[in-house]
Amino acid sequence: MPDAGSAQLAWLRAELAQNATTKCTLAYWHHPIFSSGPNAGIAGEAGIRAYAQQMFRILYEANADLVMVGHDHLYERFAPQNPDGLLDPVRGIRQFIVGSGGVPLYDFRAPRVNSEVRLKTHGVMKLTLSSDRYQWEFLPTSGAGDSGTTACH
């Protein structure tokens, strides 16, 4: 398991503490913690996923709202969850996987718990953070997209 005292995790804690009164906190990195795609639970990525889960836990403790990731070549939106993947509509973090650029797309496996939308299409994400809410719109190159708005914590 990655070192809980790493420089990156220390920076994250300090940054969140410095901005503790800010609403609508977003973080992004490459590997998803939760995914219905083919890379969910791959043993070779266990260390990377464990480190990302530590970041997710720190963000959860700081009352963050969103995490955006890529890696799986697809679009997936999750309901707000705690770091253990349990539904938490009050304090949970919503994770988006937007790995839908110009690369070949992946097939989904069995839907993961709390997965709300899964799209196998190329497209981009338009995200707007306001002082008290966030809005998202996944704009696919073809077919139906995904959009919504949620109040921040």
Side-chain angles (χ1 to χ4, degrees), residues 1-101 103 106 108-119 123-139 146-153:
M1 176 164 271
D3 179 12
S6 75
Q8 185 177 14
L9 296 180
W11 172 86
L12 178 60
R13 286 185 184 97
E15 189 69 21
L16 290 167
Q18 183 178 356
N19 294 288
T21 60
T22 302
K23 286 191 157 207
C24 291
T25 301
L26 161 74
Y28 62 94
W29 57 79
H30 187 72
H31 288 83
I33 296 169
F34 310 108
S35 176
S36 302
N39 288 311
I42 291 178
E45 296 180 351
I48 295 168
R49 203 169 311 285
Y51 197 72
Q53 192 161 17
Q54 285 186 39
M55 290 189 295
F56 198 94
R57 188 167 304 282
I58 292 166
L59 289 161
Y60 181 80
E61 291 167 359
N63 220 25
D65 298 280
L66 297 163
V67 166
M68 290 191 62
V69 297
H71 194 63
D72 275 342
H73 302 172
L74 46 81
Y75 172 84
E76 187 168 19
R77 172 173 50 90
F78 284 86
Q81 306 177 84
N82 71 19
D84 299 317
L86 300 174
L87 185 65
D88 184 349
V90 176
R91 290 192 55 225
I93 297 174
R94 184 181 302 278
Q95 179 192 271
F96 289 95
I97 301 173
V98 186
S100 53
V103 296
Y106 294 166
F108 286 97
R109 294 191 175 169
R112 176 137 178 154
V113 173
N114 300 320
S115 175
E116 294 180 319
V117 175
R118 293 168 303 285
L119 301 173
V124 297
M125 174 71 107
K126 178 182 177 184
L127 183 64
T128 305
L129 297 176
S130 301
S131 61
D132 64 344
R133 66 186 50 255
Y134 61 92
Q135 294 176 274
W136 71 89
E137 186 175 8
F138 179 72
L139 304 164
D146 180 41
S147 63
T149 185
T150 299
C152 295
H153 302 129

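Computation of the quantities below employed the complete heavy-atom set of this structure, encompassing side-chain atoms and omitting hydrogens, waters and symmetry-equivalent molecules.
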If you round to the nearest 0.5 Å, how far is [atom2] of [Y] from [atom1] of [X]?
X: H31; Y: H71; atom1: NE2; atom2: NE2; answer: 3.5 Å
X: S100; Y: E76; atom1: OG; atom2: CD; answer: 12.0 Å
X: S35; Y: Q95; atom1: OG; atom2: CD; answer: 7.5 Å
X: E15; Y: T22; atom1: CD; atom2: OG1; answer: 9.0 Å
X: I97; Y: H73; atom1: CD1; atom2: NE2; answer: 11.0 Å

Non-hydrogen atoms of [X] and [Y] that approach each other most closely:
X: I33; Y: A52; value: CD1-O, 3.3 Å
X: L127; Y: Y134; value: CD1-CD1, 4.4 Å
X: F78; Y: F34; value: CE1-O, 3.5 Å
X: P32; Y: G70; value: CD-O, 3.6 Å
X: A64; Y: I93; value: O-CG1, 3.4 Å
X: M68; Y: V98; value: CE-CG2, 3.8 Å

So, [X] side chain and [Y] main chain: donor-acceptor pair closer than 3.5 Å or not?
X: D65; Y: C24; result: yes
X: H153; Y: N63; result: yes
X: S36; Y: R112; result: yes
X: Q54; Y: L9; result: no
X: D72; Y: Y106; result: no

| request: Would you tell me whether N82 and D88 have side-chain atoms, one donor and one acceptor, within less than 3.5 Å of each other? | output: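 No, D88 and N82 have no side-chain donor paired with an acceptor closer than 3.5 Å.
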| said: Testing the 3.5 Å rule here: is there a donor-acceptor pair between the side chains of T128 and Q135? | reply: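 No - no donor-acceptor pair under 3.5 Å links their side chains.
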| message | Angle between ring planes, Y75 versus F138, binned at 30° and 60°: parallel, tilted or perpendicular? | response |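 Rings of Y75 and F138: parallel, under 30°.
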| Does E116 come within less than 4.0 Å of R94, counting only side-chain N to carboxylate O? |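 Yes, this pair counts.
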| query | Do R13 and E61 have side chains that get closer than 4.5 Å, going by heavy atoms? | reply |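 The answer is no, as the side chains (C-beta and beyond) never meet within the 4.5 Å cut-off.
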| query | Going by heavy atoms in the side chains, are L129 and L66 under 4.5 Å from each other? | reply |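 Yes, their side chains come closer than 4.5 Å.
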| Full working for side chain to side chain contact (heavy atoms under 4.5 Å, CB included) between S115 and F108 | CA-CA 11 Å; S115 175; F108 286 97; over 6 Å; no
| field | Working for side chain to side chain contact (heavy atoms under 4.5 Å, CB included), residues L87 and V113 | value | CA-CA 9 Å; L87 185 65; V113 173; over 6 Å; no
